[in-house]
Amino acid sequence: MGNKNNRMAKSVADQLPQWDLSVFFSGIDDPAIDETLLQLKAGVKQLAEDKDKLAKFEDYELLEYIRLFEGIVIAVRDLHNFAQLNACTQNDNQEAVAFEMKISEEISEIMAKLAFIHYEMFKLPAEKKAEFYLSEKLKDYEGWLLVNLFAPPFKNEDVSMIIQQLSQVISCWPMKYNTFCSKMNFVMEEKKYSLSEIENIANLDPDPEVRRKAQHIISEEFARNGYLFTTMLNTIFKDEAVTAKIYQNDSFDGALEMDAIRNGMLKEDVLAVAAAVTDTYVSVSQRFYKLSAKLLKKDRLEYVDRVINPIETDSKKKYSWKECLDLVYAAFATFGLDACAKSVVDNRWVDAKPAIGKRAGAFSIQGDKPFVLLNFMGDANSVNTFAHEMGHAVHHLLSASRVNVLCDDTTIGMSEVASEFAEGLLFAKLFAQAETNKERLSLLFDCVYGQINAIHRQIAFSKFEERIYRERKKGELSEERITQIYCEEMERYLGFPLEEDAKNSWMRVGHFFGMPFYVRYYAFSGCVVNQLQKAYNSGEVENFVGRYVDMLRNTGIEDYRDLLRPFKLNPDKADFWFEAIDVISARIDMIEDLAKKEGLL
């Protein structure tokens, strides 16, 4: 890690955008926050006073009732987003963290008191349900009506309210996880780094000894706090098991089915994806890592080398923020979505500057103000990550333009399709611009690494979660046992053992602590994206671009199988998921062919 790289990283960081949250509130001491909370409580009281009148409502009266509820949901979402976004860039600020917790608790109380709406709607007479559901006046809320009129709520309203309030307690753990990780300091060569910054060194520094040193420092710091991460994981997965038991689905298959339904998926598809991916560990992920070792002139790959692109080209440079924007805008322009992407940046909805106290990783929030968090390091991976999150942001804007807040409920799998397809657009743009075989080879290598990370690695993570879930039901797991399970599942997909400093890296996977079972949906979406790209490249789907944009607009109101039908894609087709993974195999073939032509193999 030379001084030149440090200077470049500093100059990149100095010009990075930071978001403006004044679209919500001027600050945590804004009087409008308390006023909003008072208005929300008054709105809840008004809704509760009319709950016994629903059966006598005309459709226009129910419309007013729903719009009042919708207004509450919008205000709640703005409060939540402001508190979360304000804290995640300054998790070392106790006042900001305490404010986020306060708002989270207030919101939980408000939403618990609104649980009666589902119960009151569900117990309406059948003829009244039909009248409301078929009403033209209520057409815009069809999706919300479908759930609240016909989907059975929990058996007991009081228990449901208790569960809603108890969920507030368990939600503290991911919040505490992010806060704690943001506060961690990593000292290397007498300089302090945030987690994002030192992970960037551990993954991408050209000097393998520097990578090993950074990896060791990360591992040591997490090991010092291993008891905390062990307690968090045990508590979170115990809660998952208890919740599943309450809903009488406490086997893992039952918990998986409950999670799949909650996320608008079929359990059968989730299981089919996992089976296809694990069946191709040897032929895809292990093959790729063996090829990577050959290109690095090593007998066996080490964990610290798995991210390194072994192809030396002039394109391995640091990107300025402007260059990043230009590349991503050009990629989105392929589908006429560049203006939509630019609006996210122009509205100051992006925070890209790494800092101690800032949450690691990247995300985009849902809604018509899709703020994006990024830790931009100026490398190619940062550009790709930005394209991924902008895929989410553009998707959120398109969906919000089509449906109201109550119906804007995109499934996890289709949400990740939007982001991963955006990565594909960036790859296609860069690949078309490449002038040499080495440039194409380098791009292909990064692309395949990214796909294996999004598909095979995520299923390995999912298998780890499954085993933790099953064993946690029998009792608390030790740090050593959790680490053993993690190593076994990671080594199955990697094809090589983890070094000592990589064994506790389960502690650094935020999804385990914030969104259990989420990771499997990355694999689903990665496979769907491969099938969509095949359809696009074939030229056999008329007006593919228009259909794709329509798909993004409609993900909140249509089933994912219906959304895929215009592209002639059917998940029930034999070998559908294997065919999607074959796209990765074909790209590995291309890497081997180009590497041989360049004399690298």
Side-chain angles (χ1 to χ4, degrees), residues 19-54 57 60-88 95-122 138 140-141 143-145 147-148 153-154 157-172 174-175 349 365-371 396 400 403-409 556:
W19 53 39
D20 176 10
L21 301 181
S22 63
V23 68
F24 299 115
F25 300 98
S26 62
I28 63 174
D29 56 354
D30 188 337
I33 293 172
D34 287 336
E35 292 172 13
T36 300
L37 287 169
L38 287 173
Q39 290 169 4
L40 284 170
K41 291 169 184 176
V44 170
K45 184 178 179 182
Q46 183 179 343
L47 287 171
E49 287 173 351
D50 288 340
K51 73 174 187 177
D52 295 327
K53 303 175 184 177
L54 290 177
F57 272 180
Y60 70 89
E61 292 174 301
L62 181 61
L63 179 60
E64 291 178 9
Y65 193 82
I66 293 173
R67 283 176 175 168
L68 176 56
F69 174 68
E70 182 181 24
I72 290 173
V73 171
I74 291 170
V76 160
R77 188 170 68 175
D78 283 351
L79 273 170
H80 169 266
N81 287 342
F82 173 72
Q84 177 197 20
L85 297 172
N86 178 69
C88 71
E95 192 178 14
V97 173
F99 175 78
E100 181 184 18
M101 181 61 67
K102 171 183 177 292
I103 293 300
S104 182
E105 290 173 356
E106 293 271 16
I107 288 172
S108 180
E109 287 291 324
I110 289 166
M111 297 312 293
K113 290 176 181 176
L114 290 171
F116 72 84
I117 292 178
H118 193 172
Y119 289 87
E120 295 301 319
M121 298 280 285
F122 182 72
L138 299 171
D140 289 344
Y141 297 95
W144 183 85
L145 287 168
V147 171
N148 284 273
F154 196 71
E157 185 175 341
D158 291 333
V159 173
S160 181
M161 288 180 66
I162 292 170
I163 292 171
Q164 168 70 29
Q165 291 172 319
L166 284 175
S167 70
Q168 175 58 38
V169 178
I170 196 65
S171 73
C172 292
M175 203 179 298
W349 294 341
I365 64 172
Q366 190 172 0
D368 60 354
K369 295 182 283 291
F371 280 74
H396 296 328
V403 297
N404 56 64
V405 169
L406 299 184
C407 296
D408 190 8
D409 189 22

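The shown structure was predicted, so the numbers you read here are calculated from the model rather than taken from an experiment.
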Is there a side-chain contact between Ile66 and Leu145 (heavy atoms, below 4.5 Å)?
yes
With a 4.5 Å heavy-atom cut-off, do Leu114 and Ile117 have their side chains touching?
yes
With a 4.5 Å limit on heavy-atom distance, are the side chains of Ile365 and His396 in contact?
no
Glu64 and Phe57, any side-chain heavy atoms less than 4.5 Å apart
no
Mind listing the closest non-hydrogen atom pair of Ala96 and Ala87 along with its distance?
O-CB, 3.9 Å
With rounding to the nearest 0.5 Å, note down the distance linking CG in Asp50 to CG in Leu68.
9.0 Å
Do Met101 and Val97 have side-chain heavy atoms sitting under 4.5 Å apart?
no
For Ile72 and Gly43, the nearest pair of non-hydrogen atoms, with its separation, is CD1-C, 3.7 Å
Under a 4.0 Å N-O cut-off, is there an ion pair linking Glu106 with Lys41?
yes
Side chain to side chain contact (heavy atoms under 4.5 Å, CB included), that's the test. Do Asn86 and Phe25 meet it? Break it down for me.
CA-CA 10 Å; Asn86 178 69; Phe25 300 98; over 6 Å; no
Closest non-hydrogen contact found for Tyr65 with Lys51 is OH-CA, 4.1 Å
Given side chains that start at C-beta, do those of Asn148 and Phe122 come closer than 4.5 Å, heavy atoms only?
no
Using a 6.0 Å cut-off, check whether atom NZ of Lys53 has over 12 heavy atoms from anything other than its own residue.
no
For the residue pair Ala400 and Gly367, what are the closest heavy atoms and their distance?
CB-C, 4.2 Å
Does the pair Ile103 and Ile33 meet the rule for a side chain to side chain contact (heavy atoms under 4.5 Å, CB included), with working shown?
CA-CA 9 Å; Ile103 293 300; Ile33 293 172; 4.1 Å; yes
CD/Glu61: more than 12 non-hydrogen atoms of other groups inside 6.0 Å:
yes
Begin from the C-alpha positions of Phe82 and Phe371 and carry the test ring-ring contact (aromatic ring centres under 6.0 Å, His included) through to its verdict.
CA-CA 10 Å; Phe82 173 72; Phe371 280 74; 9.8 Å; no
Locate the shortest heavy-atom distance separating Ala75 from Thr36; write the atom from each residue and the value.
CB-CG2, 4.2 Å
Could you walk me through whether Asn81 and Leu21 pass the side chain to side chain contact (heavy atoms under 4.5 Å, CB included) check?
CA-CA 9 Å; Asn81 287 342; Leu21 301 181; over 6 Å; no
Under a 4.5 Å cut-off applied to non-hydrogen side-chain atoms, are His80 and Ser104 in contact?
no
Check whether Asn404 reaches the backbone of Cys407 with its side chain - one donor and one acceptor, N or O, closer than 3.5 Å.
yes
Within this structure, what is the CD1-NZ distance for the pair Ile28 and Lys102, rounded to the nearest 0.5 Å?
9.5 Å
Run the numbers on Asp20 and Trp349 for side chain to side chain contact (heavy atoms under 4.5 Å, CB included), then give the verdict.
CA-CA 7 Å; Asp20 176 10; Trp349 294 341; over 6 Å; no
Which atom pair, heavy atoms only, marks the closest approach of Arg77 to Gln366?
NH1-O, 4.2 Å
Heavy-atom check, side chain of Phe24 versus side chain of Lys369, under 4.5 Å:
yes
Just verifying a value: how many Å separate Glu109 CD and Leu37 CG, rounded to the nearest 0.5 Å?
12.0 Å
Which class fits the ring pair Phe69 and Trp144: parallel under 30°, tilted 30 to 60°, perpendicular over 60°?
tilted
From Asp368 atom CG to Asp408 atom CG, the distance as rounded to the nearest 0.5 Å:
9.0 Å
